[in-house]
There are 2 protein chains.
Amino acid sequence: MGPDSIIRSLGALAQEHRLAAFRLLVQAGPEGMAAGALADALGIPASSLSFHLAQLSHAGLVSQRRVSRSIIYAADYAAMNGLLSYLTENCCAGGSCAPAATAERMAS
Amino acid sequence: MGPDSIIRSLGALAQEHRLAAFRLLVQAGPEGMAAGALADALGIPASSLSFHLAQLSHAGLVSQRRVSRSIIYAADYAAMNGLLSYLTENCCAGGSCAPAATAERMAS
DNA sequence: TCCATGATTCGATGATTATAGAAATATCGA
DNA sequence: TCGATATTTCTATAATCATCGAATCATGGA
């Protein structure tokens, strides 16, 4: 996971609607959510959402599969893992800013 | 740390020169680095770097202090911690994509 | 085949971001 | 005070990004 891919991922999440969409997909779990359901939940036009989903997809943060007429999007946990790993290893002075929440979860 | 601040932080890091600058600052440690030294290391004009540092600063990811004629920038580990915490808690389905690297570091 | 549905692509527009030289500001030493 | 140094602010320009209606594409049912 090179800096280029990291920058694409960061850029993909650095936008109100895309961050919200990704959070919804994470909540939705591996089942994912149809594009239409996402557009409804976010209250934005389908064509706008499609633009944003394309960026998340290009960054590798979401996967998509067609089920009948719907296209179902799902968060890619491995990609998110890669992003967090990069940030932790390269932007954190040897873990000195590893989130406490993660530490706690790891300990339990 | 609300979504607004998170988006600013993500956007601040989602750029080649800014990500590189932030990584250098993390490597530099709490002592930080002068703006000029950063510009040299990155090979970009001072005015361009100043623009980028302003964004990192606005996002709260770096602090600055004047020492004689130089302005020394330093990474803000607490802010980075906040960003990682948010991503882990809101974009990670209950820690299912917590980076292994963090887990290992926590265990040692 | 024809129509309705779910979604993407196209196209135009406005907004934001990146770049970098020139000018301005702040500090220090002579 | 004057000049040199370190940095930022100003200004203009180019490039990228966001929005959304209209047109298009894919699928399934009558």
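Residue numbering restarts at 1 for every chain, and letters A, B, ... go by the order of the sequence lines.
Residues Leu83(A) and Ser5(A) have side chains not in contact (no heavy-atom distance under 4.5 Å, counting atoms from C-beta outward). Contact of the Leu13(A) side chain with the Ile6(B) side chain is not registered, since no non-hydrogen atoms from C-beta on lie closer than 4.5 Å. Put simply, the side chain of Leu10(B) reaches to within 4.5 Å of the side chain of Leu10(A), judged on heavy atoms. For the pair Asp4(A)/Glu16(B), no side-chain contact is recorded, criterion being any heavy-atom separation below 4.5 Å from C-beta on. By the 4.5 Å heavy-atom criterion applied to side chains, Asp76(B) and Val62(B) are not counted as neighbours.
DNA chain D lies under 4.0 Å from at least one heavy atom of each of the following residues of residues 33-40 of chain B: Ala34(B), Ala35(B), Gly36(B). Of the residues in residues 57-71 of chain B, those with a non-hydrogen atom less than 4.0 angstrom from any atom of DNA chain D are Arg69(B), Ser70(B), Ile71(B).
Chaining together hydrophobic side chains whose heavy atoms lie under 4.5 Å apart places Val67(A) alongside Ile72(A).
With sequence neighbours excluded, the residues forming a side-chain hydrogen bond (donor to acceptor under 3.5 Å, both in side chains) with Ser57(A) are Gln64(A), listed by chain and number. Legend: residues meeting side-chain hydrogen bond (donor to acceptor under 3.5 Å, both in side chains) with Ser48(B), ordered by chain and number and at least two apart, are absent. Residues meeting the side chain to side chain contact (heavy atoms under 4.5 Å, CB included) test with Ala59(A), sequence neighbours left out: Arg8(A), Ser9(A), Ala12(A), Leu61(A). Remark: Ser63(A) engages Ala74(A) in a side chain to side chain contact (heavy atoms under 4.5 Å, CB included) (not counting sequence neighbours).
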Which side-chain N or O atoms in residues 21-39 of chain B pair as donor and acceptor under 3.5 Å with protein atoms at least two apart or in another chain?
unit_1: Arg23(B); atom_1: NH1; unit_2: Tyr86(A); atom_2: OH; d: 2.7
unit_1: Arg23(B); atom_1: NH2; unit_2: Asn90(A); atom_2: OD1; d: 2.8

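Note on residues 41-73 of chain B: pairs passing ring pair (Phe, Tyr, Trp, His ring centres under 6.0 Å), not counting sequence neighbours, are His17(B)-His52(B).
With the end axes of the helix from dT1(C)-dA30(D) to dA30(C)-dT1(D) each set by five pairs, the angle from one to the other reads 20° at 10° resolution.
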Contact string for nucleotides 10-23 of chain C, one letter per nucleotide 5' to 3', B = base within protein heavy-atom range under 4.0 Å, S = sugar-phosphate only, - = neither, reads --------BBBBB-

Test log, rule side chain to side chain contact (heavy atoms under 4.5 Å, CB included), inputs Ile7(A) and Arg18(B)
CA-CA 10 Å; Ile7(A) 287 169; Arg18(B) 289 197 293 268; over 6 Å; no

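For Ser50(B) (side chain) and Ala46(B) (main-chain N/O), no donor-acceptor pair under 3.5 Å exists by modelled atom type.
Using a 4.0 Å cutoff to heavy atoms of chain A, the contacted part of DNA chain D runs 5' to 3' from dA18(D) to dG28(D).
Considering CG of Leu19(A) and CD of Gln15(A), their distance stands at 9.0 Å, rounded to 0.5 Å.
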